[in-house]
Structure formats: C-alpha cells, structure tokens
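Sequence lines set the chain letters: A, B, ... in the order given, protein chains first and strands last, and positions in each chain run from 1. In this text the structure is predicted, and so the values were computed from the model without any measurement.
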Amino acid sequence: MTAPAEVEAEADATEPAKAVPRYAYVVFQGGGAAGVVHVGALRALQALGIQPLGVAGASAGAIVAALVAAGYGPDAIVARDARCDWNIFRRNQESPIFLLGNHDWLLLRLLLPLLLVSLAVGQLGTLALLVAAGSVTWLASRIIFLRGGMPAPLRLLVRLAWFPSARGRDFLEMLLSRALDAANPRWRTRDQAREAPFVRFIDLIDDRFLPLRVIATDIDSGRMQVFDATRTPFHSVADAVIASMSIPLVFPPARVREDRAGAAPGPRFVDGGLLSNLPVAALASQRRSSERLLGLRIPIIAFAIEEPGSHKGEQRLWIWRYLPRVLRTGIFGSQAEALALIPGVIVVKLATDIELTRFDLDRTTAQDAIADAEDRAKRVLSWRLVERPQAASAALAAFAAEVRKGLDPADAGAHLRASLYRLTDDEELAVAESWNREADADAVLSLGGFSPVARAVVAAEGPAHVVVKGLGPDAMFMRADEHRLLPDWLHGQLGFPIFTDSGGSRRLAGLLLVEADRSLEAVLGNEVRAAGLQGRAQGMAPFLADAPPEAEAKVEAEAESRKE
Amino acid sequence: MAETDKEPPTLDAAELTGWRLPPRLAKGQRFVATMAAQRHDPEHAEAYADLLKAQAEQLDKAAGTAPDDGGS
C-alpha cells in the first residue's frame, strides 16, 4: 500500500454511477450434460456487454470455453427458437449419443438401473439377471444399429472406458477448424514457421479469438496440467479438451498430440475436474498482467453448476442417492479453498436439475435450463458489477462524510477510505466493496493475525457496537511487528461490526472499516454520534450478499417447492 | 448420420460472439506466444526470431497509441 499521489476530492453520496466493466476473465465449471446451462451464462454476458479477455474450463466447461474461444456464440451452441437443428450437434448432422455410440449408450441406460438394484439388494440372482440382460441388450443393439466395434463391457476391460472418444474429438476438431477457416482461410500457415496439421493453442492467439486455458489431470504423474498458448503452444486443442472431459471409466485416458518434430508421446490425461473443476487459479496470473497492461481492474467470473436446494441429511442415504452424491462431491466440491485465496472472483452459481450423464437432453428441458441460468447470471452479475458497487459506494461515501464531521477542525482535510468486509466461511474478512483508495484496499483481513480492528470486533461481546482502535506501537491489540506492517499513510482506523439475525441469535456477518491518515479516535467522543454511525453501518448488511435479496429469496423458494 | 464426408453448414455471423481482444492485449499476447513457440520449437528458432522482430515493431507502434478504453 502506498500513500496517494494527490489529494482526493471529497466524494459525496451523489457520485456519478460507474459503467459496467467491459472486460472479465471467464471460467466454466465442468458438469457433464448439465454444462448446457453455460449457454445461458454466455447470453447473460452478451446482454450485459461484458467481453471476456480469456476463457478457461475443465471437462464440459472446457468444451464451452473452446467453442467460445473460437468465436461460437450461445445461439450457435443452442438456438433460441424451436427449429429442428436446435443445437450445434444437430446443425452438423450429429448427436451426442451418436458420438458416444448408440449401442453403448443404450446398454448403459439399461444396465445402470439394474446395476444399482443389484448393489442395493445384493442378490446373486440380480447379478445373474444383470449379466443376462447385458448380453441380450448388447446383441440386440448390434442387430438394431448394425455397427461393429468393441462392445462397451469389453472396452471397459481393455481400454478402461465404456465409451470411445475419437468421434467426439474429430467433431470438435471440425468445429474449431471451421471457425478458424471462416476468420482466415490461411490460418494454417499465417505467422507460423510451418503448416498446422490441427488446431493448436497458438492458433487461437489472434484478436478474433480468445486465449484459452484447458485443465486436465495427468494420470501418470497425478498432477494438474494447464494447456494454453505459452505452456503448450503446439498441442492439439481438440485433444486437450477431450482429455479434460475424459471422466475415468466413462471415456478412455487420452494423450494430447503435439505438432513438433521428435515430440515424444506425452502422458495420459483424464478429466480435469478431478483436480480442478472450476479452474479460477489458471486465469489469475493472466488477469494480473492484463490489469497492468490496460490499467483496469478486471474481475474473474466463475460460472459454477449446482443442484437446486441443498442436502442437509433430511433424506435417508440409500445407495442410489449415495453414489451420485459421491460423484457430485468429487466433481464439484473441491473448489472452495482455491476460490477463497483469489480476490476479485465473482462466482455465479447456476442451479439445474439436469443429470451429469443426461446426454440425450431434449430441446425443451435444455432451453428451460438455459433460460433459468441466463436469468440467474444476469441478476448476479448486474448486482455485483453495477447495482451493489454503486449503492455501496454511495453509502460508504456518506458514511465517510459523517466520520469527517466528527474530526477536529485541524484534521478536516484527512484522507479517508471506507471499506465493507464480509465474514467468510473461513473466518476471514473479505472485501466486498470499498470507497476511495479502492486499489489499495486489503482484499482479505485475517482475524488471527494482522488487523487488530477485525480481531477486536470479534473479541467484543454483547452489544459492543463500536470498536475504536488507536494506532501505534503502544496501542491495544497491536504488537510492534504488526505496527510495522501498516501502510505508511495509515494513522487511524475505526471498525463497526455488522450483525445478522439468524434463528433468534445474533451473528457477526461483516465489518465496516474506516481508515485515515489522521487519528480518528476523537470521532467517537460523542455517544449519540457513535450510536448513529453504528446504525448506519448496520444498514449496509444487504450489501454483503452475493446476489440481490429478491434473487436469493427466489432461489430459496424454488428449492423449498422442490423438496415438497 | 455422422459420416465425415458431409458438407458442414456455413457459419452465420449472427451466431458468433464478435468478441475482439483490445489491440494492445492482442499484440502483447501474440508476442508472448511467439516467444513460447520459439522456446518449444528450437528447430525453427530462426523463423520465429523473424516473427518476433516484426511483432516487436508492431508493439512499439502500439505503445504510442491511446490506451484501450473500458473497464471500471
């Protein structure tokens, strides 16, 4: 943190509204067939005029990210109207089921319920029925579809996968090369030392495309691999995306071809979601350099997929509920830690009932889910990028003006910063909004270490409304080493706790922090003023929410109705 | 359905995002990616060196232009 170069103008509550940020980095979470809701997310970005500067994804999120990077818009992936070729597969005379293999799909759909029943009942007779049904179904599917190839159960043993992935890879390669052809038919030789045999990551480095990052899991070393134009410039994009979505035992472990003389066969990869299903960290460094280059603050928008409602042990955990829940937890549950460490991330949770393996999705279900996702994404992004910053900034400016009134006349020119912090699940205070010195605001205040005000707020019991913190080596709550960590300009802090009522008990929800280059202790000399300031701080509780209050209420109501 | 010899439909401009990178960012990323290509493909290092030289000149020109707008 540094002192400001110039005296800040006194801001007031009527500060002009900020424009919607034009730029963002965008991450798409994996989720199998449920990934179709990302089409709604893309529509929301277009409607709000938000332009991605780079995209990343794992698994199904990688497919969406690759298509978007190559220029495909939401309406190219799923049409808005009710025409026959309503999705990108049908427009290209394909279907997800054909790419998987019709007979293997049919076999899976028929065998899965039997498998679950056999596991639940545990009877040998059911297992025998399973084997018999599998044999008959496989034979029937071969007759019906007249296709050869390895039967899925054998493939599972030999290739470790129920479905092959080669057809899907070829289809994606066709889509990507067609987009590059449309932009520049000479892309294979443009600015390259040699002709490109397939679409490589370096081929997407062009102002008409978006930089792409794809996450896959290296199953040989057990590490996460990020594919992009700097780490893997000559690797095949389609191969990397297929590797990223290779759910173990569903699709085979995949190698990613590299267009380079003498390149050794690389390791085998499986689903990127195994290690990072919402790969926000993959964009953090790119975001930092773009912020420096463009002189802007650029958020990372992470579109996550979740089931509507929550499970709180209200249902008995039968095997058919337990297994999908284990799968879902493995795929979706490993992101909270990484997200908490990266500031400036807006997580948009898109709820959907669509099962991960519902690849034979019908048009109406898909379009309904996309419309819901678009509505949700618009509400959250509009709240986080426009409404909340404007309203909170005005309220914080008014609060700072009120604090200034309590200063001694000699300190009337003090520089102030007011910041609103929200208490996270990790017991840290993360900045929600701030006014003035915005770029300098601490992203996170740790309650356990540096940040005496935050600790004092938590230590306060009962209705201790206002916590005053004088700064200096001899100040209460502050050690000498902590004092050295303070920014040079900071000489006074005031903290105001914000509580919420939950089930009749009061709970700390956040903190309003005012910082200044002068001492602020005189501000709270008047009890009436102190109580007034605490009341104003408490009024900012709605600004701690990630979504507008009515949107949250709608989501909760829908979850309740589903439970009923 | 789904054999490889079928004719793919043409791309409809209305179905493309139309998103474009800001020129300064696009030029900078191209430069960094070409450096990475040179690092990963030493056999063609000279060809990439020529590309880098041309791109560096482009970047120098871009540095003199007005900054990209947008953002908060």
Side-chain angles (χ1 to χ4, degrees), chain A residues 18-23 42 46 51-53 68 71-77 79 85 91-95 98-99 167 170-171 174-175 178-179 182 191-194 201-202 205-211 229-234 258 260-262 289-290 293-299 385 389, chain B residues 1-60 62-63 65-72:
Chain A
K18 292 176 183 176
V20 179
R22 283 179 56 196
Y23 301 130
L42 288 170
Q46 284 191 322
Q51 142 98 58
L53 294 179
V68 171
Y72 287 96
D75 296 348
I77 302 171
D85 56 345
R91 284 203 69 200
N92 291 281
Q93 297 89 48
E94 277 290 5
S95 85
F98 187 86
L99 293 171
R167 285 195 291 268
D170 294 345
F171 180 65
M174 183 274 291
L175 291 176
R178 189 151 58 89
D191 286 354
Q192 308 292 342
R194 61 185 185 283
F201 280 87
I202 194 170
I205 298 298
D206 185 297
D207 65 350
R208 286 163 289 196
F209 309 122
L210 300 179
T230 52
R231 292 175 177 87
T232 56
F234 300 118
E258 183 180 8
R260 188 167 58 81
S289 66
S290 295
L293 190 64
L294 301 179
L296 303 168
R297 298 189 73 194
I298 303 170
L385 295 172
Chain B
M1 60 184 171
E3 294 308 326
T4 51
D5 57 352
K6 62 180 171 283
E7 190 65 28
T10 53
L11 282 177
D12 184 349
E15 293 181 344
L16 300 177
T17 58
W19 285 327
R20 297 282 182 271
L21 285 186
R24 289 169 70 195
L25 199 60
K27 286 192 176 80
Q29 288 188 339
R30 184 131 202 94
F31 186 71
V32 170
T34 307
M35 281 201 295
Q38 188 185 39
R39 197 169 61 248
H40 283 81
D41 186 15
E43 269 192 29
H44 296 88
E46 282 187 25
Y48 283 113
D50 291 342
L51 283 176
L52 281 168
K53 193 177 167 189
Q55 288 171 6
E57 285 170 6
Q58 273 191 330
L59 282 171
D60 287 343
T65 61
D68 300 285
D69 58 353
S72 56

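Here the straight-line distance linking atom OG1 of A/T230 with atom CZ of B/R39 works out to 7.0 Å at 0.5 Å rounding. How far CD of B/E15 is from CZ of A/R91: 4.0 Å, rounded to the nearest 0.5 Å. Expressed to the nearest 0.5 Å, how far CH2 of B/W19 lies from CG of A/L42 amounts to 5.5 Å. Atom CG of A/L210 sits about 9.5 Å away from atom CZ of B/R20, to the nearest 0.5 Å. Here B/L16 contributes atom CG and A/R208 contributes atom CZ; the two are 12.0 Å apart, rounded to the nearest 0.5 Å.
Judged by distance alone, the side chain of B/R30 and the main-chain N or O of A/I205 form a donor-acceptor pair under 3.5 Å. Of the possible donor and acceptor atoms, one in the side chain of B/R24 sits under 3.5 Å from a partner among the backbone N and O of A/L293.
Residue B/Q29 touches chain A through both its backbone and its side chain, counting heavy-atom pairs closer than 4.5 Å.
A/D207 has its side chain out of reach of B/P23: every pair of non-hydrogen atoms, C-beta onward, lies at least 4.5 Å apart. Between A/L53 and B/P22 there is a side-chain heavy-atom pair separated by less than 4.5 Å. B/L21 has its side chain within reach of A/P211: a pair of non-hydrogen atoms, C-beta onward, lies under 4.5 Å apart.
Among all heavy-atom pairs drawn from A/A229 and B/A36, the shortest one is O-CB, 3.9 Å. Counting all heavy atoms, side chain and backbone alike, B/A33 lies closest to A/I202 at O-CD1, 3.8 Å.
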task: Give the C-alpha distance, both sets of side-chain angles, the deciding distance and a yes or no for side-chain contact (heavy atoms from CB on, under 4.5 Å) between A/Y72 and B/T17.
output: CA-CA 6 Å; A/Y72 287 96; B/T17 58; over 6 Å; no
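Taking the six-membered ring where tryptophan is involved, the planes of A/F234 and B/H40 are perpendicular, since the angle between them exceeds 60° and thus also 30°.
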